2 protein chains.
Amino acid sequence: MDLQVAIDRVTLDKAVDLAQQLDGQVDIIEFGTSLIKDYGLEQIQARLPKLQHAKLLLDLKTIDEGNYEFDKGFAVGDILTVMGAASPDTLTSVYQLTQSRGKQMFIDMMEITAAKTAQIVGYPDAIYGIHHAKDSQAGFDAAATVADFHESFPEVQHISVAGGIDLPMAQKLATQGLAESVIVGGAIVKTADPVAAAQKFMEVMH
Amino acid sequence: MDLQVAIDRVTLDKAVDLAQQLDGQVDIIEFGTSLIKDYGLEQIQARLPKLQHAKLLLDLKTIDEGNYEFDKGFAVGDILTVMGAASPDTLTSVYQLTQSRGKQMFIDMMEITAAKTAQIVGYPDAIYGIHHAKDSQAGFDAAATVADFHESFPEVQHISVAGGIDLPMAQKLATQGLAESVIVGGAIVKTADPVAAAQKFMEVMH
């Protein structure tokens, strides 16, 4: 199972520093939506040296103008996010663009109904990202949610999960064996030693 | 009825130039999502002089992390957009933040069901923005769509509409008297003389 570390709501300098430290330690480094909206893709491209080991995921949260955003985004990152709440036309067009570039598309499944989910599970190479809104007041059991999703949509091959994941939950998800990647934010990047924290996650997951 | 001009998919220099030209000609100047994701709020704030007449709408398309994005956004703009597809917790929190700042919230109603719409029409000071996805292949009759929306949700006081609006449709919407504002993009900013084009729209609308 891959470890994705989310870097968010920090200065671009701090984000670049964290990415450099974590490259080689984790599988995927995510630059969160706040970094894109605060600093823009052009500055991220100018100031982030190319990662040597990890893939770079940009949490674009595209919901319209899919080809424009994905074309710009793939100049910088390896994996881009699109909202499951986007129109089917948007999802299909960014999936086609992603396939043609040999890159990866991550569909953010936040706040969509089971009916809408059923409409959009037909992108076999896409990663389906399950999480609650950060603004949500409700609790979230990552392993139970992944199990439910897998039972409802067994055709989905690539599942990613996020939401307050700590070491015991990361271990539980690894043992469960359904999710392809887990996303960890604060439990790594908000510690005094992010590299050591990332290594602990890698240990319990492998 | 107010005229909102959308500036999108151009360089930041060009966007700033257009905004300066159109300030005083139109009611609301929109900086589109592409400008935010390409250049970031910090550069927009640094390079766009404060508008003297028009309100500045930033098409943030917030779908999570509402308070963070709206707090950053209101340092730059007067009106910010949030997706109707966001969680009710996100919508409520950004509405409260918007009210406390004396600013305006624009809810982007793209791709949401009537059931979800019914859940989120209870923000009396919010602007409800009706449009099709730019990626959508389907046709769009702005006046008919506004009439349908008004009939279904008569409690909504502030309606905005966008989608391929030309001079005859702007005039029709003004006569209809249901929408508070119309959003025009290419039909103004992609002409040889955007100021003259904006003036023509203002004439047919008033």
Side-chain angles (χ1 to χ4, degrees), chain A residues 8-9 11-12 32-46 58-73 75-76 80-94 97 108 110-113 115-116 119 131-138 162, chain B residues 8-9 11-12 32-46 58-73 75-76 80-94 97 108 110-113 115-116 119 131-138 162:
Chain A
D8 217 354
R9 305 196 198 189
T11 64
L12 184 51
T33 312
S34 69
L35 293 168
I36 297 162
K37 290 186 178 176
D38 290 347
Y39 298 103
L41 290 172
E42 297 214 346
Q43 278 196 83
I44 293 172
Q45 184 171 27
L58 297 172
D59 192 10
L60 274 182
K61 289 191 166 54
T62 293
I63 194 155
D64 197 7
E65 306 186 73
N67 281 344
Y68 180 91
E69 294 197 1
F70 267 49
D71 182 59
K72 289 264 180 175
V76 188
L80 303 177
T81 68
V82 59
M83 298 308 298
S87 74
D89 289 331
T90 297
L91 287 161
T92 297
S93 66
V94 297
L97 186 148
D108 184 324
M110 187 182 74
E111 285 290 313
I112 61 173
T113 61
K116 179 74 191 270
Q119 283 175 21
H131 70 109
H132 269 204
K134 289 183 190 168
D135 292 334
S136 173
Q137 309 297 316
Chain B
D8 217 355
R9 305 194 198 192
T11 64
L12 185 51
T33 311
S34 68
L35 292 168
I36 297 162
K37 290 185 177 175
D38 290 348
Y39 298 102
L41 291 172
E42 296 215 348
Q43 278 195 86
I44 293 172
Q45 184 172 27
L58 297 172
D59 192 11
L60 274 180
K61 288 191 167 52
T62 292
I63 195 157
D64 197 8
E65 307 187 70
N67 281 344
Y68 180 89
E69 294 197 1
F70 268 48
D71 181 60
K72 289 263 180 178
V76 188
L80 303 178
T81 68
V82 60
M83 299 307 298
S87 73
D89 289 331
T90 297
L91 288 161
T92 297
S93 67
V94 297
L97 186 148
D108 184 324
M110 186 183 76
E111 282 291 311
I112 61 174
T113 61
K116 179 73 191 270
Q119 283 174 21
H131 69 110
H132 270 205
K134 289 184 190 169
D135 292 334
S136 174
Q137 309 296 317

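Order of the sequence lines sets the chain letters (A, B, ...), proteins ahead of strands, with each chain counted from 1. In this text, all values refer to a predicted model and were calculated from it rather than measured experimentally.
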**Item:** Top contributor to chain B contacts, counting heavy-atom pairs under 4.5 Å, from A:Glu111, A:Gln43, A:Arg9, A:Lys61
**Value:**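 Of the candidates given, the most pairs with chain B belong to A:Arg9.
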**Request:** Please determine, among A:Ser93, A:Pro88, A:Ser34, A:Gly40, the option with the most heavy-atom pairs under 4.5 Å with chain B.
**Result:**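 When all of A:Ser93, A:Pro88, A:Ser34, A:Gly40 are compared, A:Gly40 has the most.
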**Asked** Pick one: which of B:Thr33, B:Asp8, B:Asp135, B:Asp38 meets side-chain hydrogen bond (donor to acceptor under 3.5 Å, both in side chains) with A:Tyr68?
**Response**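 Among B:Thr33, B:Asp8, B:Asp135, B:Asp38, the one that satisfies the side-chain hydrogen bond (donor to acceptor under 3.5 Å, both in side chains) with A:Tyr68 is B:Asp38.
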**Request:** Could you tell me which of B:Asp108, B:Asp64, B:Ile44 has the largest number of non-hydrogen atom pairs under 4.5 Å with chain A?
**Result:**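 Looking at each option in turn, the highest pair count goes to B:Asp64.
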**Prompt:** Given the options B:Lys116, B:Glu42, B:His132, B:Glu65, which has more heavy-atom pairs under 4.5 Å with chain A than any of the others?
**Reply:**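 That would be B:Glu65.
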**Item:** chain A contact via B:Glu69 - which portion, at a heavy-atom distance below 4.5 Å
**Value:**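 Contact with chain A is through the side chain of B:Glu69 alone.
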**Prompt:** So which part of B:Leu60 gets closer than 4.5 Å to some heavy atom of chain A, the side chain, the backbone, both or neither?
**Reply:**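 Looking at B:Leu60, backbone and side chain both touch chain A.
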**Prompt:** A:Lys72 versus chain B, heavy atoms under 4.5 Å apart: side chain, backbone, both or neither?
**Reply:**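 Side chain only.
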**Request:** Kindly indicate, with the supporting measurements, whether the criterion side-chain contact (heavy atoms from CB on, under 4.5 Å) is fulfilled by A:Thr90 and B:Met110.
**Result:** CA-CA 12 Å; A:Thr90 297; B:Met110 186 183 76; over 6 Å; no
